[in-house]
Protein chains: 2
Amino acid sequence: MPFKPAKTAPATDPGALYFQLFNEIGIIAQLSGNRFQRVLPQGLTVAQFSLLNHCVRLGDGWTPARLAAAFQITKGTMTNTLQKLEAKGFIRIDPDPDDARSKRVFLTPAGKQAREASLKALMPELAQLPAGFPPDLAAEILPSLERLRIWLDTNR
Amino acid sequence: MPFKPAKTAPATDPGALYFQLFNEIGIIAQLSGNRFQRVLPQGLTVAQFSLLNHCVRLGDGWTPARLAAAFQITKGTMTNTLQKLEAKGFIRIDPDPDDARSKRVFLTPAGKQAREASLKALMPELAQLPAGFPPDLAAEILPSLERLRIWLDTNR
DNA sequence: TGACGAAAGTTCGACGTCAAACTAAAAGGT
DNA sequence: ACCTTTTAGTTTGACGTCGAACTTTCGTCA
């Protein structure tokens, strides 16, 4: 997805600025995803780890639909990831007693353990970041990124 | 790939900050990519358009290997995208006369035209951005993002 | 109560992407 | 010259993702 870093493009027209912005963001997303992916244990993907992490941090028992909304992905994509995690024995998917359409997602002990191991594996990766990109900078641009994300999300 | 927006997580440990940063960046990349994808004409994907755009802006005749490096993707991925574009008649791939391993990528007239049409289609999308996210903000955070991208790229 | 629209999940085909294994050709080193 | 290493490109299998079509169930409203 990422475009070529537009070092040679003078920002004459206003579109070029946003172009460049999404370009940089696309490449960062890709590079950071690869980097995390490589250290994740037990064949976990970033998407799978994110889901496990979410369930630990915010609690069990969510429906796939709510999870899909939280991660900004389609229901079909969520179905896919849930099936992978279930096959690995990291989650359990129960029917919702109150709504025959719905299901409920729960972590298994193995799932909790896999999430712990992933966090441990991610630590060294995160630890070497401040050297190249100070936390101050991260904290500084975060609100702007959040604002952009929210706008993109609500206006689609 | 994106994680859940960690609104509820107090940034107690230092890793959480970067976690949140990559989370926002991942979601923005995804949302903006979808948005551009939807308006692109002739079944062009964002990756395909980016390649055409690159060839117009920086000139023809690049090798696939150089293109892959410029876009930060693997050679295999580049092979894939080039094949799609060649099948659509938007590029031509000639053998390199000086190096029997290499090839050279050239735009066809149809390719240039498709790039023009894409730019036109993208304009309205870009035009409605400043309302939600001022260009000042974009320009302000761009250098930091560039720095992060460069660090991730060189330290991998 | 019955019909119709909304919501939850699944499936399918397509795409971009990666890592890894592979072939072919060029470059270097002794 | 020969052997080794590097480089260019392709292929394969897996994954996440999308949009669209589809089924089942719920909820609402007349």
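Each chain gets a letter, A, B and so on, in the order the sequences are listed, and its residues count up from 1.
- B:Gln83 has its CD atom 15 Å from the C1' atom of C:dA14, to the nearest Å.
- One can place CG of B:Leu44 at 13 Å from C1' of C:dC15, the figure rounded to the nearest angstrom.
- Between the CG atom of B:Asp98 and the P atom of D:dT7 there is a distance of 19 Å, given to the nearest Å.
- Counting atom types as modelled, A:Arg101 pairs no side-chain N or O with a base atom of D:dT24 as donor and acceptor under 3.5 Å.
- Residue B:Gln48 places at least one side-chain N or O under 4.0 Å from the OP1 or OP2 atom of C:dG16.
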Using the rule given for side chain to side chain contact (heavy atoms under 4.5 Å, CB included), can you reason through A:Thr77 versus A:Phe71, listing the C-alpha separation, both sets of side-chain angles and the distance that settles it, and then say yes or no? CA-CA 10 Å; A:Thr77 299; A:Phe71 283 97; over 6 Å; no

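- Taking hydrophobic clusters as Ile, Leu, Val, Met, Phe, Trp and Tyr residues chained together by side-chain heavy-atom distances below 4.5 Å, B:Phe106 does not share a cluster with B:Phe90.
- Here D:dG16 presents its C1' atom at 12 Å from CG of B:Asn34, a figure rounded to the nearest Å.
- Between A:Gln30 and C:dG16 there is no side-chain N or O to OP1 or OP2 distance below 4.0 Å.
- No more than 12 heavy atoms of other residues, nucleotides or ligands sit less than 6.0 Å from atom CZ of A:Arg66.
- Place B:Thr77 and B:Lys88 on DNA chain C by their nearest nucleotides, and B:Lys88 ends up nearer the 5' end.
- Among the heavy atoms of the strands, none lies under 4.0 Å from B:Asp96.
- Counting atom types as modelled, A:Lys75 pairs a side-chain N or O with a base atom of C:dG9 as donor and acceptor under 3.5 Å.
- In this structure, B:Asp94 atom CG and D:dA8 atom P are separated by 18 Å, rounded to whole Å.
- Side-chain proximity of A:Asp99 to D:dG9, C:dT10, D:dC26: nearest is D:dC26.
- Taking atom NZ of A:Lys84 as the reference point, atom C1' of D:dA14 lies 8 Å away to the nearest angstrom.
- Residue B:Thr63 places no side-chain N or O under 4.0 Å from the OP1 or OP2 atom of D:dA8.
- Base contact: B:Thr79 has a heavy atom under 4.0 Å from a base atom.
- The six-membered or imidazole ring of B:Phe36 lies near that of A:Phe22, with a centre-to-centre distance under 6.0 Å.
- Both A:Thr81 and A:Ala100 lie close to DNA chain D; mapped to their nearest nucleotides by heavy-atom distance, the more 5′-ward contact belongs to A:Thr81.
- Distance B:Trp62 CH2 to D:dA8 P: 14 Å, rounded to the nearest Å.
- Side-chain nitrogen and oxygen atoms of A:Thr74 include at least one within less than 4.0 Å of the OP1 or OP2 phosphate oxygen of D:dC18.
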Check step by step if side chain to side chain contact (heavy atoms under 4.5 Å, CB included) holds for B:Glu24 and A:Leu148. CA-CA 9 Å; B:Glu24 295 291 350; A:Leu148 179 54; over 6 Å; no

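- Residue A:Asn80 contributes atom CG, which lies 18 Å from atom P of C:dC15 at whole-angstrom precision.
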